[in-house]
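This report concerns only the one structure given below.
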Amino acid sequence: MRIAFMGTPDFSVPCLRALAASKHEVVGVFCQPDKPVGRKQILTPPPVKEEALIHGYRVFQPTTLKNGAGVALLREIEPDLVIVVAYGKILPPDFLSFPKYGCVNVHASLLPRYRGASPIHRAVLNGDMETGVTTMQLDEGMDTGDILLVKKVPIGPDETTEDLFDVLSAVGAEAMMETIGQIEAGTLHPVAQDHDRATAVGLLTKELGEVDWTKPMQTIHNQVRGLYSWPGAYTFLGGSVLKLHRTARTAVGTSKAPGTVVKARGQLLVACGDGLCLELKEVQLSGKKRMDAAAFLNGNQIAEGDVLGS
RNA sequence: CGCGGAGUAGAGCAAUCCGGUAGCUCGUCGGGCUCAUAACCCGGAGGUUGUAGGUUCAAAUCCUAUCUCCGCAA
């Protein structure tokens, strides 16, 4: 089958690799234009582009697919099927209907839950015990198409978004290959989503990372692991930003006010809103490197009784 | 030249403004104590202070250049 692939970030790469290793012909790869990245604003190609170039695929980085621009490109490569994995742009109707088998999307959630831009983060943030990958037939809406195939994945209590990212991108590749196989075999049974149960999630913002210590310990723990490693959770210590990279739940109770450092010897415990302590295991003060709690405590930069959050 | 912080023992920090041969906590090694401990006590090892120049009787500290790391912004 002639397949065009559309994707941009790391998450999409395993899918492209799987296609490359398959019998199918990758006739073109679409991704977002190169962007300046990092402190020095170096123009960097997206991960999918780098992977595509390794295989010698034709790469397209159009700024828009609207007004026939996308279809014009499809006409050049004549794909039977288009696979879309975290591409980053909405596909117009004429584009969706161009390939014989349409466009199939790999989405990192159990649809109709978490439609939109940040499904993995949201599942962890909400403390879900389970998430997964859904493949669906793309339609004009945002992740509203008929469901083709679902694979579930459990979420561990301390698992981070980054951990899940790796798992789900691998599972996504499996789901994709299985879906393609069934398309060829004609054995798929698309199921409409239950739109009443749908939830939509937007892009993440930095502000989501600020910890509110009056919240329950579990909620803050979810926030830390859900936003790891980007954009990250943070609080304030003496006016400086203190990033929280890793935390652990404890059963230690306290009567101290939320945000108070309850223990700063051996381990670092902070009081949360529900009277339980959250252990900070790895932190980073602005301008400093990230370090584990033991190293942080050695420098005497924090003491019992200090209050985080201001 | 977007803004800013930092490079000192294995780790995290202090001493830098007001130059005078480097200190603290942890780890490590040896010994001791205790029913016991991420407990405590005693002792030791470990640093040409990112690099290159300069000023000086003397530089971690002042001057110049350079490399690296990090926070913000994008």
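Keep in mind that what you see is a predicted model, and the values were worked out from it rather than measured. Each chain gets a letter, A, B and so on, in the order the sequences are listed, and its residues count up from 1.
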Between atom [atom1] in [X] and atom [atom2] in [N], what is the gap in whole Å?
X: A:Ile302; N: B:C13; atom1: CD1; atom2: P; result: 13 Å
X: A:Gln301; N: B:C13; atom1: CD; atom2: P; result: 5 Å
X: A:Trp230; N: B:A73; atom1: CH2; atom2: C1'; result: 13 Å
X: A:Tyr234; N: B:C72; atom1: OH; atom2: P; result: 9 Å
X: A:Met291; N: B:G27; atom1: CE; atom2: P; result: 17 Å
X: A:Leu237; N: B:C13; atom1: CG; atom2: P; result: 13 Å
X: A:Leu285; N: B:G12; atom1: CG; atom2: P; result: 13 Å
X: A:Arg265; N: B:A39; atom1: CZ; atom2: P; result: 10 Å

Distance between [atom1] atoms of [N] and [M] (Å, rounded):
N: B:A59; M: B:C72; atom1: C1'; answer: 34 Å
N: B:A60; M: B:A6; atom1: C1'; answer: 15 Å
N: B:A9; M: B:G47; atom1: C1'; answer: 5 Å
N: B:C40; M: B:C33; atom1: C1'; answer: 8 Å
N: B:G27; M: B:C67; atom1: P; answer: 39 Å
N: B:G43; M: B:C62; atom1: C1'; answer: 39 Å
N: B:A73; M: B:A14; atom1: P; answer: 25 Å
N: B:G50; M: B:C13; atom1: P; answer: 14 Å

Partner lookup for [N], please. Criteria are Watson-Crick or G-U wobble with both distances under 3.5 angstrom; report none if nothing qualifies.
N: B:C18; answer: none
N: B:C72; answer: B:G2
N: B:G30; answer: B:C42
N: B:U64; answer: B:A52

Using a strict 4.0 Å threshold on nitrogen-to-oxygen distance, state whether [X] and [Y] make a salt bridge.
X: A:Lys49; Y: A:Glu51; result: no
X: A:Asp128; Y: A:Arg122; result: no
X: A:Lys151; Y: A:Glu178; result: yes

Problem - Residue A:Glu304 excluded, over 12 heavy atoms near CD under 6.0 Å - result: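 It does: A:Glu304 CD has more than 12 such atoms within range.
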
Handout entry: Between CZ on residue A:Arg290 and CD on residue A:Glu282, distance to nearest 0.5 Å
Key = 4.0 Å

Exercise for the section: Verify the contact: side-chain N or O of A:Lys289 to OP1 or OP2 of B:G7, cut-off strictly under 4.0 Å; return yes or no. Expected result: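 No.
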
Practice task
Report yes if a side-chain nitrogen or oxygen of A:Lys243 is closer than 4.0 Å to either non-bridging phosphate oxygen (OP1 or OP2) of B:G71; otherwise report no.
Solution key: yes

Problem - A:Ser286 vs A:Ala295, nearer the 5' end of RNA chain B by closest nucleotide - result: A:Ala295

Exercise for the section: Name the residue closer to the 5' end of RNA chain B, choosing between A:Lys263 and A:Arg290 according to the nucleotide with the nearest heavy atom. Expected result: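 That would be A:Lys263.
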
Exercise for the section: Just call it for A:Lys206: base, sugar-phosphate, or nothing, with non-hydrogen atoms closer than 4.0 Å on any strand. Expected result: sugar-phosphate

Practice task
Using modelled atom types only, decide if a donor and an acceptor are shared between the side chain of A:Thr235 and the backbone of A:Gly309 within a distance under 3.5 Å.
Solution key: yes

Handout entry: Nucleotide nearest A:Asn298 when distance is taken to its side chain, options B:U25, B:G71, B:A6
Key = B:U25

